[in-house]
Colleague: 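Below you'll find the structure I mean.
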Amino acid sequence: MANLTLDNVKKSFGVVEIIPGVDLEINDGEFVVFVGPSGCGKSTLLRLIAGLEEVSGGDIRIDGKSVVDTPAAERGVAMVFQSYALYPHMTVRQNLSFGLENIRMARPEIERRVNEAARLLQIEQLLERRPRQLSGGQRQRVAIGRAITRDPKIFLFDEPLSNLDAELRVLMRVEITKLHERLGNTMIYVTHDQIEAMTMADKIVVLRKGVIEQVGSPLDLYNNPRNLFVAGFIGSPRMNFIEGRLAGSAFEAPGLEKLDLPGAPADGSGPVTLGVRPEDFIVSRDGAGWPVTVSVAEQYGSSSYLHCTLGADISVLIHEQGQSTAGRGDVLHVTPREGHWHLFDAEGLTMARTRNRS
């Protein structure tokens, strides 16, 4: 287990700057998820930590010791790749032991580590099979097992579940979380899927264009996003955004009734964006609130999602618990739940935040 420090870490490929400068502290035993859209630099940052790419500037320290000049094999990290990277001609046992044999580890210790990894991941019955005889989920377990046998200080996961189907991704999310609880090692996990980030992380690092937008616990980012980008990226389905103006502490938008926002800056004025999560609209059928027209009603059994049009052309998504009776063409009325809205200024920065949910 280990602490990790990124001190103004930079990466450029030629004249193209991918990471302009990242500062980050990861504590011993944390499960940290790097999340962001494709091309935001999260996999590059992981490869810099692993030693698979050279930094263009700054420092990377593990337990206080700089590793920027340390070869990847000597950093005490192990990486699990999206593609599994298993040797197809080797058995599972051979895949698990190959890296240890290369460093001339004693055979009894190799056997102990391989058997322990197989036990942890419940793949003992697969040890004599080859990768082509395994399912996607079993291959991913073997790839994780190969990392475990190295007994690293830090585990690095680069979108390890993206090749699996939806049901298997859910199962593997749970298994990796349980593995972290059992091992207690520092783990850094890269994904573009914010659901994985929300359900697995102790701490989420949101990246955009190589810059850290916000760091915090999943619920802190969900409840208190720093800006429009984080608010729109964290949460599934995403937050609704309505553009308008702030007049005093009231929100105004074309075609909509003025909405008083207790807690908004009393002397505020100018263009703003109101953010409301789908579950934070109070739905009324008696004419109280903003009118919305239902275009599509999605029934999930235990809940319903209503795709609606607000005003002339503002698309909003509303989440109702249970099985909604609303259908296409129905007119409902909605009001943001008191204290559960967000207000962003013209630069996209948070002006007022939702209360903590209880």
Colleague: Going only through I, L, V, M, F, W and Y residues with side-chain contacts under 4.5 Å, is there a path from Phe229 to Leu221?
Modeller: yes

Colleague: Is the charged tip of Arg139 near the ring of Tyr84: under 6.0 Å from the six-membered ring centre and within 45° of its axis?
Modeller: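 No, cation not above the ring by the 6.0 Å, 45° rule.
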
Colleague: Do the side chain of Asp202 and the main chain of Val32 share a donor and acceptor less than 3.5 angstrom apart?
Modeller: no

Colleague: Hey, does Thr186 have a side-chain heavy atom less than 4.5 Å from the side chain of Lys153?
Modeller: no

Colleague: Determine, using the 4.5 Å side-chain heavy-atom cutoff (strictly less than), whether Leu349 and Tyr222 are members of one ILVMFWY cluster.
Modeller: no

Colleague: If I take atom CD1 from residue Ile144 and atom CG from residue Leu179, how far apart are they, to the nearest 0.5 angstrom?
Modeller: 6.5 Å

Colleague: Look only at the side chain of Asn185 and the backbone of Pro152, and say whether a donor-acceptor pair between them is shorter than 3.5 Å.
Modeller: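 At least one qualifying donor-acceptor pair exists.
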
Colleague: Would you check if the side chain of Ser249 reaches a backbone N or O of Asp260 as a donor-acceptor pair within less than 3.5 Å?
Modeller: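 No; judged by distance alone, with no hydrogens or angles, the pair does not exist.
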
Colleague: Cluster question for you: counting only ILVMFWY and a side-chain heavy-atom cut-off of under 4.5 Å, with indirect links fine, are Ile195 and Leu164 together?
Modeller: no

Colleague: Any idea how His89 and Tyr87 line up, ring-wise: parallel (<30°), tilted (30 to 60°), or perpendicular (>60°)?
Modeller: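 Rings of His89 and Tyr87: perpendicular, over 60°.
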
Colleague: Does CD belonging to Gln299 count more than 12 external heavy atoms closer than 6.0 Å?
Modeller: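 Yes, the 6.0 Å shell around CD holds more than 12 heavy atoms from other groups.
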
Colleague: Quick one: are Val92 and Gln138 in side-chain contact, heavy atoms under 4.5 Å?
Modeller: no

Colleague: With a cut-off of 6.0 Å (strictly less than), are more than 12 heavy atoms of other residues, nucleotides or ligands near CD of Glu257?
Modeller: no

Colleague: Determine, step by step, whether Lys42 and Glu159 satisfy the side-chain contact (heavy atoms from CB on, under 4.5 Å) criterion, reporting the C-alpha distance in whole Å, the side-chain angles of both residues, the deciding distance to 0.1 Å, and the verdict.
Modeller: CA-CA 10 Å; Lys42 54 190 183 295; Glu159 304 206 43; 4.1 Å; yes

Colleague: Would you say CZ of Arg285 has more than 12 non-hydrogen atoms from neighbouring residues, nucleotides or ligands within 6.0 angstrom?
Modeller: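 Yes.
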
Colleague: Return yes if some donor-acceptor pair links the side-chain N/O of Arg208 with the main-chain N/O of Pro37 below 3.5 Å, else return no.
Modeller: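 Here the side-chain-to-backbone pair does not exist.
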
Colleague: Would you say the side-chain atoms of Thr5 and Glu25 include a donor-acceptor pair closer than 3.5 Å?
Modeller: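 Looking only at side-chain atoms, Glu25 and Thr5 do form a donor-acceptor pair, the distance falling under 3.5 Å.
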
Colleague: Check for a donor-acceptor pair, side chain of Gln140 on one end and backbone N or O of Gly137 on the other, with a separation under 3.5 Å.
Modeller: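 No; judged by distance alone, with no hydrogens or angles, the pair does not exist.
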
Colleague: Would you please classify the geometry between the Phe251 ring and the Trp290 ring as parallel, tilted or perpendicular, with 30° and 60° separating the classes?
Modeller: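 Judged by the thresholds at 30° and 60°, the geometry between Trp290 and Phe251 is tilted.
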
Colleague: Tell me if a side-chain donor or acceptor on Asp28 pairs with a main-chain N or O of Ala2 at a distance below 3.5 Å.
Modeller: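 Indeed, once roles are kept as given, a pair shorter than 3.5 Å links the two residues.
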
Colleague: Would you indicate whether Glu124, at its atom CD, is surrounded by more than 12 heavy atoms from other residues, nucleotides or ligands within a distance under 6.0 Å?
Modeller: yes

Colleague: So which heavy atom on Pro218 is nearest to which on Ile204, and how close?
Modeller: CA-CD1, 3.8 Å

Colleague: Any heavy-atom pair between the side chains of Phe34 and Ile188 that's under 4.5 Å?
Modeller: yes

Colleague: Should Leu317 and Phe241 be regarded as members of a common hydrophobic cluster, given that ILVMFWY residues are connected when their side-chain heavy atoms come within less than 4.5 Å of each other, either directly or indirectly?
Modeller: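 No; tracing contacts between hydrophobic side chains, which count when under 4.5 Å, never links both residues.
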
Colleague: Keeping the roles fixed (side chain from Asp7, backbone from Gly58), state whether a donor-acceptor pair exists under 3.5 Å.
Modeller: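 Looks like no, no N/O pair under 3.5 Å.
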
Colleague: Looking only at heavy atoms, which two atoms of Leu48 and Lys11 are closest? And how far apart?
Modeller: CD1-CB, 3.8 Å

Colleague: Please test Glu175 against Gln122 for side-chain contact (heavy atoms from CB on, under 4.5 Å), starting from the C-alpha separation and ending with a verdict.
Modeller: CA-CA 10 Å; Glu175 289 303 314; Gln122 300 178 2; 5.5 Å; no

Colleague: Can you tell me if Gln125 has over 12 outside heavy atoms packed within less than 6.0 Å of its CD?
Modeller: yes

Colleague: Hey, what do you get for CG (Leu127) to CG (Leu96), rounding to the nearest 0.5 Å?
Modeller: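 It is 6.5 Å, given to the nearest 0.5 Å.
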
Colleague: Answer whether the closest heavy-atom distance between the side chains of Phe13 and Glu53 falls below 4.5 Å.
Modeller: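 Yes, close enough: below the 4.5 Å cut-off.
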
Colleague: Would you give the length of the straight line joining atom NE2 of His333 to atom CG of Leu310, rounded to the nearest 0.5 angstrom?
Modeller: 10.5 Å

Colleague: Between Arg119 and Glu116, does any side-chain N to carboxylate O distance fall below 4.0 Å?
Modeller: yes

Colleague: So Thr273 and Ile242, side-chain contact (heavy atoms from CB on, under 4.5 Å) or not? Walk me through it.
Modeller: CA-CA 6 Å; Thr273 300; Ile242 304 168; over 6 Å; no

Colleague: Would you say Val174 ends up clustered with Ile148 if hydrophobic residues are merged whenever their side chains have heavy atoms under 4.5 Å apart, either directly or through other cluster members?
Modeller: no

Colleague: As a quick check of understanding, evaluate side-chain hydrogen bond (donor to acceptor under 3.5 Å, both in side chains) for Thr70 and Glu74, giving each step before the final call.
Modeller: CA-CA 6 Å; Thr70 303; Glu74 298 174 17; over 6 Å; no

Colleague: Could you tell me whether the side chain of Asn3 and the main chain of Asn27 form a donor-acceptor pair under 3.5 Å?
Modeller: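 No, the answer is negative, given that no donor and acceptor are paired below the 3.5 Å cut-off.
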
Colleague: Any heavy-atom pair between the side chains of His319 and Pro237 that's under 4.5 Å?
Modeller: no

Colleague: As a quick check of understanding, evaluate side-chain contact (heavy atoms from CB on, under 4.5 Å) for Leu45 and Leu6, giving each step before the final call.
Modeller: CA-CA 10 Å; Leu45 195 56; Leu6 305 182; 4.1 Å; yes

Colleague: Is it the case that over 12 heavy atoms from other parts of the model lie below 6.0 angstrom from the CG atom of Asp69?
Modeller: no

Colleague: Determine whether Leu261 and Leu274 make a side-chain contact, defined as any pair of heavy atoms from C-beta on separated by less than 4.5 Å.
Modeller: yes

Colleague: Does Tyr189 have Arg173 sitting over its ring (NZ/CZ under 6.0 Å from centre, angle to axis within 45°)?
Modeller: no

Colleague: Might you point out which heavy atoms bring Val35 and Gln194 nearest each other, and give the distance in Å?
Modeller: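 Closest heavy-atom pair between Val35 and Gln194: CG2-CA, 4.0 Å.
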
Colleague: Given 3.5 Å as the limit, does a donor-acceptor pair link the side chain of Arg328 with the main chain of Ser295, or not?
Modeller: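 Yes, because the side chain of Arg328 sits within donor-acceptor range (under 3.5 Å) of the backbone of Ser295.
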
Colleague: Please report the interatomic distance CG(Asp220) to CD(Gln214), rounded to the nearest 0.5 Å.
Modeller: 6.5 Å

Colleague: Treating Lys209 as the side-chain partner and Gly41 as the backbone partner, does any N or O pair qualify as donor plus acceptor under 3.5 Å?
Modeller: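 Side chain of Lys209 to backbone of Gly41, a donor-acceptor pair under 3.5 Å: no, none is there.
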
Colleague: Quick check: closest heavy atoms across Arg146 and Ala85, and the distance to 0.1 Å?
Modeller: NH1-O, 2.8 Å

Colleague: Do Leu161 and Asp193 come within less than 4.5 Å of each other through their side chains, counting heavy atoms only?
Modeller: no

Colleague: Can you give me the closest heavy-atom contact between Arg150 and Leu100, atom names plus distance?
Modeller: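 Shortest heavy-atom contact: CA-CD2, 4.3 Å.
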
Colleague: Is atom CZ of Arg104 surrounded by more than 12 heavy atoms (other residues, nucleotides or ligands) closer than 6.0 Å?
Modeller: no

Colleague: Roughly how far, to the nearest 0.5 Å, is CD1 of Ile49 from CD1 of Ile62?
Modeller: 8.5 Å

Colleague: About how many Å separate CD1 of Ile318 and CG of Asn240, when rounded to the nearest 0.5 Å?
Modeller: 7.5 Å

Colleague: Inspect the contact between Glu128 and Arg93 and indicate whether a charged nitrogen and a carboxylate oxygen are less than 4.0 angstrom apart.
Modeller: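 A salt bridge is present here (some side-chain N lies under 4.0 Å from a carboxylate O).
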
Colleague: In terms of side-chain geometry, is the basic nitrogen of Lys178 or Glu181 positioned less than 4.0 Å from the acidic oxygen of its partner?
Modeller: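 Salt bridge between Lys178 and Glu181, a charged N being under 4.0 Å from a carboxylate O: no.
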
Colleague: Would you check if Thr191 and Met200 make a side-chain contact, meaning some heavy-atom pair closer than 4.5 Å?
Modeller: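 No, their side chains stay 4.5 Å or more apart.
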
Colleague: Looking only at heavy atoms, what is the nearest atom pair of His340 and Val276, with distance?
Modeller: O-CG1, 4.5 Å

